[in-house]
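First the structure, in the form of structure tokens, and then the observations on it.
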Number of protein chains: 2
Amino acid sequence: MKNFTKVLKQHNLKTTPQRLAILEAVYKYGHISIDTLYIEIKKVFNSISQATIYKNINIMINSMLLFEVKLPNEKSVYEIVQNKHSHFLCNCCGEVTDIYIDTKQMIDNISKEYSFTINQTDLVFSGTCKKCKDFNILKN
Amino acid sequence: MKNFTKVLKQHNLKTTPQRLAILEAVYKYGHISIDTLYIEIKKVFNSISQATIYKNINIMINSMLLFEVKLPNEKSVYEIVQNKHSHFLCNCCGEVTDIYIDTKQMIDNISKEYSFTINQTDLVFSGTCKKCKDFNILKN
DNA sequence: CTCTGTGCAAAGCGTTTGCAAACGA
DNA sequence: TCGTTTGCAAACGCTTTGCACAGAG
């Protein structure tokens, strides 16, 4: 993932410097909140307005180019749609990490037991990441 | 779960008719959004204000009496804290169902592989429930 | 009786909208 | 050139707050 001009074209969206800046920031951060996105882009693109950020985030979500990750006790963060994965939220440093787990068996079980057809899974695990654990040991 | 006066006491919250009405509605619905909650309570308790609903929902969440379930593409719903479980959201009828799956193995695997300490899991599966599937077959 | 909770209205805040000007294709 | 996007400011809608009064313990 690098050529965002191409990505925008593939989603039938016109290329603008604002859109490229948004995608670059989301890509760089991996997961980013609206507020951070605005602050971050403002640094290199001072004229950008919040309205532009909001409009484009919504357009890109509707075009399935971005995905909103809803987190417990936190504001949502946004990521570029790539492969399916789950998330881990560190309650200590706030970082969101992509995690890859095989959900096939679990989905099969639920589908069978409850007679549901499942076509999306949003899994968020929270706790403490390695860095924060190590740091807490040092501190005490 | 039935004696909400007792439940409130256990959480060091004073009993008021408003709080009982809120808990009864949440209990009755299983999962309820703020808007539905207000409309529903207003029917039987006309003088209640939205501010009261909001204040109490927040107090009860902080007291771990209520839990907020964040759903993809939907407003959050609230439920009474009981045993650990996951959720299924039907994109067709909007209903939220509690589902019980064993997450121990999955959490162990993630903990080991990523060196995370996991103390909360928020799992939401979405798709179509049995009722909606059956109804769609009839329709076609 | 005291302290907390309620209801109202106002304020706050994040998000959306309308519109003229700028820009991409 | 034509339709889309941007930036601004205003509007919007959900949520929180301040305050006087009512109610719980």
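All chains are named by letter (A, B, ...) in the order of the sequence lines, taking the proteins before the strands, and each is independently numbered beginning at 1.
Taking the ring pair (Phe, Tyr, Trp, His ring centres under 6.0 Å) definition, one finds that A:Tyr114 meets it with A:Phe116, sequence neighbours left out. Not a single salt bridge (Lys or Arg N to Asp or Glu O under 4.0 Å) links A:Asp98 to another residue, sequence neighbours left out. Residues passing the side chain to side chain donor-acceptor pair (under 3.5 Å) test with A:Glu68 are A:Ser76, sequence neighbours excluded. The ring pair (Phe, Tyr, Trp, His ring centres under 6.0 Å) search around B:His31 returns B:His87, not counting sequence neighbours. Residues that satisfy the side chain to side chain donor-acceptor pair (under 3.5 Å) test with A:Lys104, not counting sequence neighbours, are A:Asp108.
Note: CG (B:Leu23) to P (C:dG5) measures 14 Å, nearest angstrom. The CD1 atom of B:Ile41 sits 13 Å away from the C1' atom of C:dT6 (whole-angstrom rounding). The CD1-P distance, from B:Ile57 to C:dT6, rounds to 12 Å in whole Å. For the pair A:Leu20 CG and C:dG24 P, the computed distance is 10 Å after rounding to whole Å.
One finds a salt bridge joining A:Asp35 and A:Lys75 here, because a Lys/Arg side-chain nitrogen approaches an Asp/Glu carboxylate oxygen to under 4.0 Å.
Residue-to-nucleotide proximity on DNA chain D shows that, of B:Lys9 and B:Asn58, the 5′-proximal contact is made by B:Asn58.
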Which side-chain N or O atoms in residues 123-131 of chain B pair as donor and acceptor under 3.5 Å with protein atoms at least two apart or in another chain?
| unit_1 | atom_1 | unit_2 | atom_2 | d |
| --- | --- | --- | --- | --- |
| B:Lys130 | NZ | B:Asp134 | OD2 | 2.9 |

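Each side chain to side chain donor-acceptor pair (under 3.5 Å) pair with one or both residues in residues 12-23 of chain B, not counting sequence neighbours, appears once here: B:Arg19-B:Asn56.
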* Tell me, for nucleotides 1-14 of chain D in 5' to 3' order, what letter each nucleotide earns: B for a base near a protein heavy atom under 4.0 Å, S for only sugar-phosphate near one, - for neither? -> ---SSBBBB----S

Please write out the pairs of protein N or O atoms and N or O atoms of nucleotides 20-22 of chain D separated by less than 3.5 Å, giving the distance to one decimal.
none

